Amino acid sequence: MPELPEVETTVAGLRSVLEGRTLTLVEPRRADLRVPFPPDLRQRMTGARVERLGRRAKYGLVETDRGDMMIFHLGMSGRWRVDPDEIGKHDHLVLETGEGRRLALCDPRRFGFVELVRTEAWEAYPPFAKMGPEPLGDIFTGKLLHKMLSGKATSIKAALLDQRVVAGLGNIYVCEALHISGISPRKQAGKLTARQCDALAAAIKAVLLSAIAAGGSSLRDYARPDGELGYFAKEWRVYGREGEDCPACGATVLRRAEGGRSTFYCGVCQK
DNA sequence: CTTGTAACCTGTCTGC
DNA sequence: TGCAGACAGGTTACAA
């Protein structure tokens, strides 16, 4: 469940293996994931030195000394395996460094993808062009959120999942942030008060920082690149806790399916 | 333009 | 044990 904290954790793990290292092997194992691998990925990346790793929203960024940036998205089930014993059928891209370290991008559902852009033009990469602010950045405040939401007829939950409003949130952390700030997921986005937006922005930052500190959330098929599991799942207040007691008021945590996606919330303390 | 739904693909879990 | 059905982190094409 790669949302922002899991991608941040992943990038930190990759950094220790890749940064400053030369790629001696870059091998796609099939033609495509959600979209085709760039046809020249192997040729442009092999022999390149990795200068820097970064993250934008849920995307991982790998900059090389050739002016290229490899962008990866983990989709729903993607993860990087570090020094795997063997390459399995879901390992769709394999990298090796001059030190003999090996990385495999494993993605059973294949909703992830890899792109290659010129570093100087990375912000023009279409998914980034209209993307909203990073929630952990200084420019993301309750005031800005209030402005972004004004006039929106959709629910606050749908608005927070819209990457043009704020970039990097997914189903888990939206559910968690709404619970922390006591706001109903069904509340009309444009009707939130300035005060509620302040509380919501603060809750978003707090939950993301806690999750990053815990190494991300551990889900069925997610692990950090080094194989360690993230611990944040133990700290979920409502997500995945249908039928349990609300940690704030003791009422029963509810789940409702909307658009093929589950929302977890407390009907008593989220208004 | 905005908003909601279906589809992409595979694995896992639940209930009969 | 088998098997059908529900469900899972995201994104986007398309319909309304």
Side-chain angles (χ1 to χ4, degrees), chain A residues 1-11 29-37 55-60 71-81 88-92 105-115 125-132 135 148-178 185-191 207-208 211-212 214-225 229-236 238-243 255-264:
Chain A
M1 142 267 50
E3 297 181 36
L4 185 155
E6 290 69 41
V7 179
E8 183 70 24
T9 303
T10 295
V11 165
R29 313 271 299 170
R30 53 176 293 132
D32 56 36
L33 292 178
R34 197 165 73 67
V35 301
F37 280 104
R55 178 191 61 72
R56 170 74 168 116
K58 303 171 192 172
Y59 295 75
I71 300 173
F72 66 85
H73 194 291
L74 299 173
M76 294 276 255
S77 60
R79 64 190 175 101
W80 282 95
R81 303 204 299 141
K89 69 169 177 173
H90 298 304
D91 293 325
H92 305 304
L105 178 59
C106 175
D107 185 2
R109 291 176 74 180
R110 306 203 305 272
F111 285 174
F113 53 90
V114 172
E115 274 293 358
Y125 174 55
F128 296 155
K130 292 183 175 175
M131 196 172 266
M148 303 287 288
L149 297 177
S150 73
K152 283 206 173 292
T154 191
S155 70
I156 183 59
K157 191 196 176 202
L160 292 178
L161 288 172
D162 183 343
Q163 304 294 297
R164 293 168 302 184
V165 172
V166 55
L169 299 181
N171 204 28
I172 294 175
Y173 297 108
V174 165
C175 289
E176 293 295 298
L178 287 170
R186 305 232 282 180
K187 174 97 178 170
Q188 193 180 317
K191 289 190 173 170
V207 74
L208 293 176
I212 291 168
S217 294
S218 163
L219 289 168
R220 229 187 301 295
D221 47 11
Y222 175 78
R224 290 200 285 180
L229 296 174
Y231 287 101
F232 192 71
K234 297 187 195 333
E235 297 178 37
W236 291 340
V238 288
Y239 187 85
R241 296 199 184 280
E242 179 184 17
R255 177 176 80 93
R256 71 174 347 117
E258 305 167 287
R261 176 145 258 123
S262 288
T263 299
F264 297 88

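Numbers restart at 1 for each chain; the letters A, B, ... are given by sequence-line order, proteins then strands. Note that the structure is predicted; figures quoted are calculated from it, not measured.
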What is the distance from [atom1] of [X] to [atom2] of [N], rounded to the nearest Å?
{"X": "A:Tyr125", "N": "C:dT12", "atom1": "OH", "atom2": "P", "value": "8 Å"}
{"X": "A:Gln163", "N": "C:dG10", "atom1": "CD", "atom2": "P", "value": "8 Å"}
{"X": "A:Arg164", "N": "B:dT3", "atom1": "CZ", "atom2": "C1'", "value": "10 Å"}
{"X": "A:Asn171", "N": "C:dA8", "atom1": "CG", "atom2": "P", "value": "8 Å"}
{"X": "A:His92", "N": "B:dC9", "atom1": "NE2", "atom2": "P", "value": "12 Å"}
{"X": "A:Arg255", "N": "C:dA6", "atom1": "CZ", "atom2": "P", "value": "12 Å"}
{"X": "A:Phe264", "N": "C:dC7", "atom1": "CZ", "atom2": "P", "value": "10 Å"}
{"X": "A:Arg186", "N": "B:dT3", "atom1": "CZ", "atom2": "P", "value": "17 Å"}

Stacking between A:Phe111 and the base of B:dC9 (centre distance under 5.5 Å, interplanar angle under 30°)?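 Not stacked by the 5.5 Å and 30° rule.
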
Quick one: is [X] getting a side-chain N or O under 4.0 Å of the [N] phosphate, OP1 or OP2?
{"X": "A:His73", "N": "C:dT11", "answer": "yes"}
{"X": "A:Ser262", "N": "C:dA8", "answer": "yes"}
{"X": "A:Lys89", "N": "B:dT10", "answer": "no"}
{"X": "A:His90", "N": "B:dC9", "answer": "no"}

Just so I know, are the side chains of [X] and [Y] near enough to count as touching, which here means a heavy-atom distance under 4.5 Å?
{"X": "A:Thr263", "Y": "A:Leu178", "value": "no"}
{"X": "A:Pro135", "Y": "A:Leu4", "value": "yes"}
{"X": "A:Ile172", "Y": "A:Phe232", "value": "no"}
{"X": "A:Phe113", "Y": "A:Asp107", "value": "no"}

When you compare B:dC9 with C:dC3, how far apart are their P atoms, in angstrom units rounded to a whole number?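 24 Å, rounded to whole Å.
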
Between A:Arg30 and A:Asp32, does any NZ, NE, NH1 or NH2 come within less than 4.0 Å of an OD or OE carboxylate oxygen?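 Yes, charged N to carboxylate O under 4.0 Å.
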
Side chain of [X] - closest among [options]:
{"X": "A:Met76", "options": "B:dG4, C:dA8, C:dT12", "result": "C:dA8"}
{"X": "A:Arg109", "options": "B:dT3, C:dG10, B:dC9", "result": "B:dC9"}
{"X": "A:Lys152", "options": "B:dT3, C:dA8, B:dG4", "result": "B:dT3"}
{"X": "A:Arg34", "options": "B:dT3, C:dT12, B:dG11", "result": "C:dT12"}
{"X": "A:Arg110", "options": "B:dT3, B:dT10, C:dT11", "result": "B:dT10"}

Can you check whether A:Ala57's main-chain N or O pairs, donor with acceptor, with A:Arg55's side chain at less than 3.5 Å?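 Indeed, once roles are kept as given, a pair shorter than 3.5 Å links the two residues.
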
Residue whose nearest DNA chain B nucleotide is more 5′ - A:Ser155 or A:Arg261: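 This one resolves to A:Ser155.
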
Are A:Trp236 and A:Phe264 close enough that their ring centers fall under 6.0 Å?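 A:Trp236 vs A:Phe264: aromatic centres not under 6.0 Å.
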
Touch class at under 4.0 angstrom, heavy-atom based, for A:Ala257 against every strand present: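 The answer is nothing, as A:Ala257 stays clear of every strand by at least 4.0 Å.
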
Any base atoms under 4.0 Å from A:Glu258, or only sugar-phosphate, or nothing? Heavy atoms, all strands.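 The residue A:Glu258 makes no contact with any strand.
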
Please find the pair of heavy atoms, one from A:Pro5 and one from A:Leu208, that lie closest to each other, and give the distance.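 Closest heavy-atom pair between A:Pro5 and A:Leu208: CG-CD2, 3.6 Å.
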
Using both pair distances under 3.5 Å as the test, note the stems of at least 3 consecutive Watson-Crick or G-U pairs that include DNA chain C.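 Stem segments, range with range: B:2-8 with C:10-16, B:10-16 with C:2-8.
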
